[in-house]
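The figures here come from the full heavy-atom set of this structure, side chains too, leaving out hydrogens, waters and symmetry mates. As the structure is a prediction and not an experimental result, all values here were calculated from the model. Throughout, a chain's letter reflects where its sequence line sits, starting with A, and its residues are numbered from 1.
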There are 2 protein chains.
Amino acid sequence: MSMPVAVRKMNEARALEALFSKGIMSRADIARVLELTRSTASSIVASLISEGQVQEVSADNSDREQKTGRPGISLRLNPDYAFYLGADVGAKDLRLCVLDFAGTLRAEVTHRFDKPNPSSEVVSARLAEMVEKACADLPDQAAVKGLNVAIPGIVDLTGDILRAPPLNWRKVPFREQLAKAMGEMPVHKLINDANAFAVAQLRRPDLIDTQDAVFLLMDDGVGGCILSGGRLLEGTTGLAAEIGHMPIGTKGHCNLTGIHGAFENYVSRPAILAHYANLGRQATSLTAFLAALDQGDAAAQKVLSVWTQDFARGLAILTTLLNPARIVIGGRVAEMARRTEGDLLGALRDHLLEETPPPVLELTGTSGEGPAVGAAMTLHHQHFAQFGPLGSGRPELLGADHSA
Amino acid sequence: MSMPVAVRKMNEARALEALFSKGIMSRADIARVLELTRSTASSIVASLISEGQVQEVSADNSDREQKTGRPGISLRLNPDYAFYLGADVGAKDLRLCVLDFAGTLRAEVTHRFDKPNPSSEVVSARLAEMVEKACADLPDQAAVKGLNVAIPGIVDLTGDILRAPPLNWRKVPFREQLAKAMGEMPVHKLINDANAFAVAQLRRPDLIDTQDAVFLLMDDGVGGCILSGGRLLEGTTGLAAEIGHMPIGTKGHCNLTGIHGAFENYVSRPAILAHYANLGRQATSLTAFLAALDQGDAAAQKVLSVWTQDFARGLAILTTLLNPARIVIGGRVAEMARRTEGDLLGALRDHLLEETPPPVLELTGTSGEGPAVGAAMTLHHQHFAQFGPLGSGRPELLGADHSA
DNA sequence: ATATGTTTGTTTTGCAACCAAACAAAATAG
DNA sequence: CTATTTTGTTTGGTTGCAAAACAAACATAT
């Protein structure tokens with residue numbers, strides 16, 4: 001691509017990104033944000049409008065910031081310009097989300113399997129049905145750009161699954177099967193669910209300026225994703241941010257991965273239940289454990305107290321190495337953190353130097369659509385970053401795979 | 001800066017960077033590497049030559065790669081275009097290095113203090129003398145661009161020292177003192193010594209393409225630096241990569257920082273000596289300990305064996321989170337790793353998933369000029385990256401010049 | 001010696017994107 | 001109604017890069 005054209009594409013991408021984060025802007029606003037002249041901004045907007053990506057919208061002039069001067073013409077992303085599908089394969093259910101060009105969730109369907117741990121063929125077939133039904137409701141079938149699928153496992157570079165313990169899948173050529181079942185619909189990639197969750201979070205409008213953060217998805221395992229300097233940390237082979245596998249000690253309450261002392265052997269759901277069992281009590285699910293905890297069960301409180309210490313030490317390692325502004329914690333196990341109140345932050349502080357500011361600890365809602373939304377959001381982001389601010393993302397942005 | 005000018009500056013920086021890593025190139029070589037036409041490359045080279053940054057050099061046509069066609073005119077960086085000074089303040093000695101524009105070490109002086117732990121005033125005065133003497137030997141005084149100083153401690157954003165335990169300094173306004181003592185010579189910044197060491201390593205020509213690596217400097221403490229996706233990992237407040245402080249356990253052999261279980265409490269020089277002392281033996285220095293080890297002392301071997309396990313676990317945490325291609329280990333304590341032979345790598349592997357490739361472990365020489373060279377190299381790199389390959393700079397690079 | 005082929009480096013022409021400045025339009029304040 | 005402010009558009013100018021043609025330098029074959 002010739003030089004000037006590359007610059008133009010980049011500025012168009014920056015304009016789209018600005019519109020995505022602010023929602024509504026005038027041409028003059030765009031000029032200010034991108035530090036271009038109004039004339040250039042106008043030219044860029046004209047291109048985007050002619051392609052249908054952006055549209056003028058009848059202004060709501062009632063509550064303007066600016067009281068004087070000619071009011072700007074409001075611009076926004078054309079929501080119907082494109083749609084992105086994202087799915088999340090769980091052991092018990094299958095979820096499908098549809099995002100529009102503005103990043104809004106337009107549809108969401110969940111299918112609960114008759115019996116858990118379905119085969120990949122069953123998943124492929126069922127997902128194809130769900131996709132067809134979801135697309136039928138959209139205003140423009142041709143605007144659907146494709147499907148990404150989040151998986152609780154490790155995905156290799158070819159898109160085959162290397163390992164998905166919660167599903168009992170090993171070396172399943174899932175993408176190939178999916179592509180066959182989907183017909184015309186392009187299946188872009190399989191993504192680790194923790195990664196997908198992270199993408200959903202980091203594209204939140206309020207986090208758009210966050211340059212350094214850590215995202216944790218805690219359920220049967222602990223998966224994660226690291227945002228560093230505005231980019232996802234991938235590592236040489238795309239296997240970075242295996243947060244659940246980092247050896248924070250030498251033992252642990254269980255042994256999920258074969259790595260003694262791995263973080264998830266201390267703080268994941270199975271670890272919590274195993275620890276509780278070691279104290280002579282039984283809980284069949286995290287929900288049951290939390291109920292016991294809330295009723296003041298002493299053993300459960302002991303488990304929470306130890307969990308807080310171990311979790312804080314893991315967070316301290318992350319903070320010491322990465323100095324993130326924020327750590328976002330999702331998954332069912334986030335409920336544990338919610339019950340530690342100030343203790344967790346206190347324990348974290350105890351492990352840090354005075355000079356190190358502790359990150360903001362944020363617990364997300366547990367509605368659980370994170371990974372599916374994230375899978376779709378990955379496609380969305382890919383379009384926006386196509387020629388975008390260099391360094392913020394090649395199409396290969398999310399090659400990493402981490403088990404959760 | 002107008003758009004085309006910004007692009008030009010960037011291409012000039014890319015050309016300089018290419019020349020730095022390859023040493024000698026023709027205009028056609030530059031055109032190929034930068035993916036520009038020969039005419040554009042010629043134009044860029046002409047600018048650089050007129051500024052004196054690059055020079056043509058009488059070709060040595062005896063052993064050309066290319067046997068046919070017109071031979072190119074060899075180009076190289078003009079070594080005397082600029083000089084960069086770098087110093088390293090230690091408890092026992094003070095070191096000064098001079099790098100030229102081509103990155104070659106042109107001079108090196110070490111001063112040993114009469115008594116250890118000098119005051120900041122003493123260091124400032126002595127360093128000023130050394131700088132004056134070193135500059136006198138250079139071909140062009142005006143080409144000296146400034147001085148950076150590496151410090152074994154934490155530096156805040158204003159450039160004052162927050163803490164330097166090995167020197168017994170606390171909240172010393174060192175940069176201000178230095179600037180006063182240096183007169184005309186600009187003192188650009190104070191840098192943590194481990195960071196400086198890392199910069200010296202990552203600018204090595206053979207590592208120029210490495211995108212993900214970890215650098216460890218192990219002496220009285222453990223400092224580090226993380227290269228991720230080709231950029232130094234800084235974190236929100238610039239305090240990332242405090243590798244020595246990450247809590248890998250709950251105890252440790254000593255307590256250097258007040259953080260129980262910090263990595264350096266297990267594997268730094270004081271930790272090794274403390275552990276040895278706990279086994280009822282004495283060693284006054286690491287050298288003495290290594291001598292005992294080499295003579296087959298059983299307690300020393302026990303210490304090494306435990307050290308290997310602890311160190312491996314720390315490396316496993318780094319590998320799990322960052323997936324680096326290489327971990328470079330410097331400082332005197334690197335000698336310990338040298339004596340573990342295969343055990344260290346084996347222990348590291350035990351902590352990793354099968355899928356995770358262990359990084360190359362590299363032990364650098366222990367001549368100890370790393371931090372001083374790195375401090376100077378930081379200045380060198382600053383010039384080269386001034387408008388450099390986008391991503392190392394700011395994204396608002398391509399707009400109008402609002403600075404005027 | 002001469003011709004041929006290959007690669008380098010330069011020159012010329014054209015283009016795309018941006019900026020600066022001037023201008024027209026749409027609102028508010030007095 | 002006029003002055004002021006801000007928006008959006010238009011025009012002219014600048015800049016760096018690409019494409020293509022050309023000149024130069026060397027190796028090799030005849």
Side-chain angles (χ1 to χ4, degrees), chain A residues 1-15 24-50 54-75 387, chain B residues 1-15 24-50 54-75 387 390 396-404:
Chain A
M1 186 180 324
S2 69
M3 179 277 297
V5 175
V7 172
R8 177 53 162 258
K9 288 291 171 196
M10 179 178 127
N11 280 333
E12 286 182 6
R14 291 207 296 153
I24 282 194
M25 304 171 82
S26 70
R27 290 165 173 82
D29 290 334
I30 291 176
R32 274 185 293 265
V33 170
L34 304 196
E35 298 194 285
L36 300 168
T37 56
R38 290 198 306 278
S39 59
T40 305
S42 262
S43 157
I44 288 168
V45 167
S47 303
L48 294 175
I49 288 180
S50 80
V54 169
Q55 55 190 197
E56 295 188 349
V57 54
S58 55
D60 168 19
N61 287 348
S62 53
D63 51 347
R64 291 176 34 225
E65 184 100 352
Q66 201 71 49
K67 273 303 167 196
T68 147
R70 169 178 167 176
I73 303 168
S74 295
L75 301 168
F387 302 99
Chain B
M1 187 180 326
S2 69
M3 179 278 296
V5 174
V7 173
R8 176 54 162 255
K9 289 291 171 196
M10 178 180 121
N11 282 332
E12 288 182 5
R14 290 207 298 152
I24 283 194
M25 305 172 82
S26 70
R27 290 166 174 80
D29 290 334
I30 291 176
R32 275 186 291 265
V33 170
L34 304 196
E35 299 194 286
L36 299 169
T37 56
R38 290 198 304 281
S39 60
T40 305
S42 263
S43 155
I44 288 167
V45 167
S47 304
L48 294 174
I49 288 182
S50 79
V54 168
Q55 57 191 195
E56 295 189 349
V57 54
S58 54
D60 169 19
N61 287 350
S62 53
D63 51 345
R64 288 167 44 215
E65 184 98 354
Q66 199 73 46
K67 274 302 166 196
T68 144
R70 167 178 172 177
I73 303 167
S74 294
L75 301 168
F387 302 100
L390 307 210
E396 62 273 16
L397 182 63
L398 298 169
D401 187 358
H402 299 273
S403 65

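Rounded to whole angstrom, the span from the CG atom of A:Leu36 across to the C1' atom of D:dG8 amounts to 15 Å. Per the geometry, CG belonging to B:Leu75 stands 13 Å off P belonging to C:dT8, to the nearest Å. At whole-Å resolution of the value, CE in B:Met10 and C1' in D:dC17 are 12 Å apart. Summarising the geometry, the separation between CD1 on A:Ile73 and C1' on D:dT6 is reported as 13 Å, rounded to the nearest angstrom. In this structure, B:Glu35 places its CD atom 12 Å from P of D:dA19, rounding to the nearest Å. The distance between atom CD1 of B:Ile44 and atom P of C:dG9, rounded to the nearest whole Å, is 14 Å. Rounded to an integer number of Å, the gap from A:Glu56 CD to D:dT7 P is 15 Å. As rounded to whole Å, 12 Å separates atom P of C:dT8 from atom CE of B:Met25.
Summarising the geometry, atom CE belonging to B:Met25 is positioned 8.5 Å from atom CZ belonging to B:Arg32; distances are rounded to the nearest 0.5 Å. Between the CD1 atom of B:Ile73 and the CD1 atom of B:Ile24 there is a distance of 13.0 Å, given to the nearest 0.5 Å. Rounding to the nearest 0.5 Å places CZ of A:Arg8 at 5.5 Å from CD of A:Glu12.
No donor-acceptor contact under 3.5 Å links the side chain of B:Arg27 to the base of C:dG9. Scanning atom types as modelled, one donor and one acceptor separated by under 3.5 angstrom connect the side chain of A:Arg70 and the base of D:dT7. The base of D:dG16 is not paired with the side chain of B:Arg8 by any donor and acceptor separated by under 3.5 Å.
Using a 4.0 Å heavy-atom criterion, one finds that A:Ser43 contacts no nucleic acid atom at all.
Nearest-nucleotide positions on DNA chain C for B:Arg32 and A:Arg38 put B:Arg32 closer to the 5' end.
Proximity of B:Ser26 to the phosphate of C:dT8: no side-chain N or O atom is located under 4.0 Å from OP1 or OP2. Phosphate proximity of C:dT10 to B:Ser39: absent, as no side-chain N or O sits under 4.0 Å from OP1 or OP2. The phosphate of C:dC19 has OP1 or OP2 within less than 4.0 Å of a side-chain N or O from A:Thr37.
Minimum heavy-atom separation, A:Leu75 to A:Ser26: CD1-C, 4.1 Å. Closest of all the heavy-atom pairs between B:Asn11 and B:Ile44 is CB-CD1, 3.6 Å.
Minimum atom distance to the side chain of A:Asn11 is reached by C:dC18, of the listed C:dA21, C:dC18, D:dC17.
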